[in-house]
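So that the names make sense, note that chain A is the first sequence line, chain B the second, and so on, each numbered from 1.
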Protein chains: 2
Amino acid sequence: MVGQIPQPGREPERPPSRRERARAATIEEIKQTAMGLMREQGTTDFRFSDIARLMGMTAPALYRYFADRDELLTALIVDAYDDLGDAVAEARDQIPVDDPGGRFAAVAQSYRRWAREEPQRFALILGLPVPGYHAPEEGPTSEAAKRAMAQLKSLFYEAIQAGVLRRPMLTDDDGSITRMLAEHHKVKDTPIDGPPVPPETFQAMLHCWASMHGFTSLEAYGHLDWLPDEVRDAVFESSIRLVARVAGLPEPGGLPRLSDD
Amino acid sequence: MVGQIPQPGREPERPPSRRERARAATIEEIKQTAMGLMREQGTTDFRFSDIARLMGMTAPALYRYFADRDELLTALIVDAYDDLGDAVAEARDQIPVDDPGGRFAAVAQSYRRWAREEPQRFALILGLPVPGYHAPEEGPTSEAAKRAMAQLKSLFYEAIQAGVLRRPMLTDDDGSITRMLAEHHKVKDTPIDGPPVPPETFQAMLHCWASMHGFTSLEAYGHLDWLPDEVRDAVFESSIRLVARVAGLPEPGGLPRLSDD
DNA sequence: TTAGAACTGTTACTCGACATAACAAACACG
DNA sequence: CGTGTTTGTTATGTCGAGTAACAGTTCTAA
């Protein structure tokens, strides 16, 4: 971040000053305006000059807050990570822990809902890197992916703990997953790390995620527009139930409907 | 296309003249150069000036062949549609018709292979619309999607004809798909049109496609880089076998391995 | 209270890319 | 061989990113 107000200590004992609040508000407004433009134009692109115009400023003023387009883009990507993660976690946690099938369904539905509502931000984090953007060193590239997987993993882990996870309909045919999980200490900071799950379950998690992501991204990018809404809803819900079943999750208790937007 | 040589009749009786061949070759070189730049930079973006420089020309010369960036982009998109479709069809047709499970596996593997080899072109047709690009009127937006579905559908139709399609593990819970297929005449030029399939099978086709697309796009965009190659291969193949099974397709006969690239 | 520093905005400017205009050379074809 | 078409060039206009120099405002501390 550019021109950031230096932190006095490690934690700011003082509440944010008037200036700091104004600055934070401006930063937030810039990001919101950029997201509005993205939404309006249906792409992950935006012009600094447009943001400035909409905010009643001149373009160079924005450089007081973001060094360049990349830095703003990075901020938007980080926010998108957090928002998607929060949305999914919140949906999941509204279902009791003893209903892992329901929790998975909630995760899938909120994933889909978020992507439908914010296709551009979805593309930002789970699509091809945007033109001109180069991730900062060791940046959060594919961070969302790992985080999403980790969330999914915790869900399956709960099911194992509760003893309600049946054997998935997938097998580790060539033993490569078993081997990988056995040496998981080599791959830190990924879903491979963390609480242990059987190889078939790891495979099942990936299968669940890939299935829900496939439908979700096709739909978010408009490639299923030829299908009536109610058919899309029905197919998605049915698919989710199916992958949950083949993954060994128990049937969901109460399945919240995905409301239209 | 700009400055196109007018067709004398409906079909050119005369073999293409020297000039026409030179022009076609230049157009092809422009597209190849653009794709090379996209691949090199890992994005769907390119600069006219870069293309010209690599071709030993000046930028304005390119406008003799494409009116603007959009027109070149459109051509690249159309080509990508065709290439993916051809790759998938070719892979499928190397498996005998009486092995629909094998044919589906071949389709899935070639889909994945193509996306891995050409992630930018994959994003071009199955990702979010490219910044700045506006599809021509009634353009081929999501054409690939419909075509892919149609191919998948023909595959299932063959299985039905051969009488080897079992009942899928999916059900048309609320009847919306049944209703849609009953009035399919309303939705021309989509996979809904064409040879009839039971609603559960339609659902199963979408499920198959979404599953393979989900894994494929996550991988193509680098979101599965934290997984070792052999694990990715194993998980994909296993998932494909699973979705084929739950879709009612018989076990594949000989499953061709996906060679490393 | 007030001087100075920090912050936040402005206008003026450079640079690079898309795109068009005007022109020149090469080519096809009567 | 001469004329019109094609394909390239250079010169130019426009627009957006990003920088420089400067001005007004706000915070802070003597």
* Rounded distance in Å - CZ (B:Arg23) to C1' (D:dT5) -> 12 Å
* Asked: Can any side-chain N or O of A:Ser154 pair as donor or acceptor with the backbone N or O of A:Gln151 at less than 3.5 Å?
  -> yes
* Asked: Does B:Arg19 make a side-chain N or O approach to OP1 or OP2 of C:dC27 shorter than 4.0 Å?
  -> no
* To do: Report which part of the nucleic acid A:Thr58 touches: base, sugar-phosphate, or nothing (heavy-atom distance under 4.0 Å, all strands).
  => base
* Asked: In a check of ring-ring contact (aromatic ring centres under 6.0 Å, His included) between B:Tyr111 and each of B:Phe215, B:Phe236, B:Phe122, B:Phe104, which one passes?
  -> B:Phe122
* Among C:dG9, C:dA19, C:dC7, which is the nearest nucleotide to the side chain of B:Tyr63? -> C:dA19
* May I have the distance from B:Arg53 (atom CZ) to C:dC18 (atom P), rounded to whole angstrom? => 12 Å
* For A:Asp45 and C:dC18, give me the distance from atom CG to atom C1', rounded to whole Å. => 14 Å
* Ignoring hydrogens and geometry, is there a side-chain-to-backbone donor-acceptor pair from B:Glu71 to B:Ala67 under 3.5 Å? -> yes
* Could you state the CZ-C1' distance from A:Arg47 to C:dA17, rounded to the nearest angstrom? -> 14 Å
* Let me know the distance between CD1 of A:Ile27 and C1' of C:dT8, rounded to the nearest Å. => 12 Å
* Structure fact -> Checking D:dT7, C:dC18, D:dA11 against the side chain of B:Pro60 (C-beta onward), the nearest is D:dA11
* Kindly say whether B:Val107 contributes a backbone atom to a donor-acceptor pair with the side chain of B:Arg92 at under 3.5 angstrom? => no
* Asked: Hey, would you say the B:Tyr63 and B:Phe48 ring centroids sit under 6.0 Å apart?
  -> yes
* Quick one: which of C:dA19, D:dG16, C:dA17 gets closest to the side chain of A:Ser49? -> D:dG16
* For A:Ala59 and B:Ala61, take the nucleotide of DNA chain D holding the closest heavy atom to each; which residue's nucleotide lies nearer the 5' end? -> B:Ala61
* **Distance test, side-chain N/O of A:Arg64 to OP1/OP2 of C:dC7, below 4.0 Å** => no
* Structure fact -> note: A:Leu62, atom CG; C:dT8, atom P; distance rounded to Å ~ 13 Å
* To do: Please state how far atom CG in B:Asp50 lies from atom P in C:dG16, giving the value in whole angstrom units.
  => 12 Å
* Could you tell me the separation between the CD1 atom of A:Ile51 and the P atom of D:dG16, rounded to a whole number of Å? => 13 Å
* Candidates C:dC23, C:dT10, C:dC18 - which lies nearest the side chain of B:Arg69 -> C:dC18
